[in-house]
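For reference, the structure discussed in these notes is given below.
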Amino acid sequence: MTSPPPPRQRPAWEALEAHHVEVASLHLRDLFAANPDRGQRLRAEAEGLYLDYSKNRITDETIGLLLDLARESNLAGRRDQMFRGDHVNVSEDRAVLHVALRMPKGTSLVVDGVDVVQEVHAVLDQMAAFADQVRSGKWKGHTGKPIKNVVNIGIGGSDLGPVMAYEALRFYSQRDLTFRFVSNVDATDFVEAVRDLNADETLFIISSKTFTTLETLTNARSARAWLIDQLGDAAAVARHFVAVSTNAPSVAEFGIDTANMFGFWDWVGGRYSMDSAIGLSTMIAIGPEGFAELLAGFHAMDEHFRTAPFEENLPVLMGMIAVWNRDFFACPTVGVMPYDQYLKRLPAYLQQLTMESNGKHVSLDGTTVACETGPIYWGEPGTNGQHSFYQLIHQGTTVVPVDLIGFAKSLNPLGEHHDILSSNVFAQAQALAFGKTEDELRSEGTPEHEVAHRVMKGNRPTNVLLAEVLTPRLLGSLIALYEHSVFTQGAIWGIDSYDQWGVELGKVLAVQIIPELESGSEPVLSHDSSTNALIEHYRALKRKEDPDGDR
Ligand code: F6P
């Protein structure tokens with residue numbers, strides 16, 4: 001299959017550039033007035049997710065051209081390559097098969113001579129047996145007590161997926177178990193996480209794909225020391241530590257019995273791993289059946305992405321609209337605002353998924369990309385954001401496309417809370433699209449000196465995602481939607497969405513600096529003058545006596 005030309009040289013890209021000039025002068029107010037059924041037409045629905053994309057600065061022609069661009073970019077071909085296990089992660093020469101993690105038992109996908117689905121289900125069965133033991137109290141700690149606390153130690157994809165999923169599905173979790181998540185190498189994270197826990201009732205899950213990550217191994221060593229100190233016996237590690245990793249030798253070297261290790265594979269990227277064994281804490285929280293529902297939701301969206309026509313395909317539509325906003329309207333960021341408290345960690349999770357995947361400046365062939373790639377993702381649960389940064393989204397000089405995610409039913413119905421919450425989803429999308437004109441303000445009797453300040457230009461794009469209620473299945477479909485939207489964008493830009501070389505340099509430099517900060521060893525510094533001065537100042541501050549002696 002021949003590769004498509006660079007994005008900007010594709011005919012549809014050129015057509016979109018010309019088309020953008022026309023659309024840029026249109027206001028959503030006029031687009032809705034001219035097409036009263038726009039809100040009914042520019043929507044799509046799949047797997048319980050209703051996507052209203054009508055409040056984007058698009059016309060039918062825009063969608064047609066964007067889908068032409070998808071075709072010219074060989075999106076379908078790239079998608080099929082991923083699903084069949086080709087090495088689409090070219091810079092690391094690896095298959096990218098998170099979709100195999102949720103293929104149903106009994107199906108098969110043979111990659112490099114191995115049926116990966118069978119392997120996936122063997123690990124899922126191992127996880128289920130362990131999760132059931134912990135949940136039922138049959139798994140006993142070193143002193144014979146059942147486990148009450150589960151602490152996941154990991155970082156990046158080995159933390160953000162588990163913590164996001166635990167928070168999202170907390171409603172369905174076994175409430176007599178406590179879950180904590182330690183990621184930051186800042187000791188405060190670990191110390192505060194275990195402060196009120198009894199070691200003899202605590203299970204540590206050390207989650208690290210590589211089992212070489214400095215932050216995770218440092219926290220894991222501190223956890224081991226804390227446990228041994230509390231229980232007074234190094235043998236306690238066997239009943240209180242399990243590992244999730246692809247690296248059995250390092251797990252064994254750390255002192256965890258590999259019988260208590262849950263494996264996965266190099267074809268699962270860290271940020272795509274929450275539904276692999278990395279989801280062990282999720283499975284302990286919601287049970288194997290709940291976890292199976294989560295996987296079913298992922299798989300259903302995979303199938304939708306794989307088979308639905310582009311015109312009705314949610315990840316394709318969301319991905320292409322993201323490209324439109326990024327490359328043609330030059331929007332540098334995207335806001336993600338879940339109107340559900342349980343999804344409070346979704347923005348952080350999506351930051352890694354989107355930005356580690358598509359924050360790239362090099363094409364698959366190693367040449368510099370000639371267009372903008374991944375935008376900055378950020379967000380907070382609604383309605384908190386409204387009382388903080390929405391001012392800028394409404395009236396600032398930067399246009400921020402926003403995904404608003406809402407649910408028709410609350411898991412915690414209480415008085416009028418839910419309708420008040422949900423009214424804001426619709427109201428914010430309305431206000432951002434239509435704004436308020438000077439004429440409207442004057443006709444409402446707004447004092448003249450306030451008019452200019454109160455004008456809301458509107459014409460600010462949103463996607464609204466609406467679902468019935470947050471369930472494990474729905475969460476799986478929602479995450480898969482974003483995964484495949486990220487894939488779609490990466491395919492258009494012609495980048496490798498599955499490597500992350502940009503995180504390496506900082507790690508290497510930090511390892512060089514660590515010994516320069518250690519007390520008692522103050523070697524001559526040979527960095528740039530700024531780094532030297534900062535380290536010297538750090539050393540001086542570190543030497544200072546605490547005048548009260550209370551720290
Ligand atoms: O440094 C980035 C990264 O490699 C992520 O891609 C990954 O999710 C994270 O570190 C953690 O890696 P590991 O699971 O190997 O500890």
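Bear in mind that the values here come from a model prediction, so they are computed numbers and not experimental data. Remember, it's 1-based here, ligands and their atoms both numbered in the order they're listed. FYI, the numbering just counts along the sequence from 1.
- Remark: among candidates Lys209, Gln352, Glu356, Gln500, the nearest residue to atom 2 (C) of ligand 1 is Glu356, based on non-hydrogen atoms.
- Salt bridge annotation for Asp196-Arg180: present, with a cationic side-chain nitrogen under 4.0 angstrom from a carboxylate oxygen.
- Residue contact check: Val503 has heavy atoms under 4.0 Å from atoms 1 (O), 2 (C) of ligand 1.
- Counting heavy atoms under 4.0 Å from ligand 1, residue Thr210 touches it through both backbone and side chain.
- For atom 8 (O) of ligand 1, the nearest protein heavy atom (residue, atom name, distance) is Gly157 N, 2.8 Å.
- We find that Glu293 and Arg473 are not joined by a salt bridge, their nearest charged nitrogen and carboxylate oxygen being 4.0 Å or further apart.
- Look at Arg102 and Glu483 and you find a salt bridge, because one of the NZ, NE, NH1 or NH2 atoms lies within 4.0 Å of a carboxylate O, short of that distance.
- Between Gly270 and ligand 1, no pair of N/O atoms sits closer than 3.5 Å.
- Under 4.0 Å is where a charged nitrogen must lie from a carboxylate oxygen, and between Asp499 and Lys360 at least one such pair does.
- Defined by atom type and a distance below 3.5 Å, a donor-acceptor pair is missing between the side-chain atoms of Asn247 and Thr210.
- The protein atom (non-hydrogen) at minimum distance from atom 10 (O) of ligand 1 is Lys507 NZ, 4.6 Å.
- The aromatic rings of Phe305 and Phe487 sit perpendicular, their planes meeting at an angle over 60°, well past the 30° parallel limit.
- Counting protein heavy atoms only, atom 9 (C) of ligand 1 is closest to Ile155 O, 3.6 Å.
- Here the heavy atom of the protein found nearest to atom 12 (O) of ligand 1 is Thr213 OG1, 3.5 Å.
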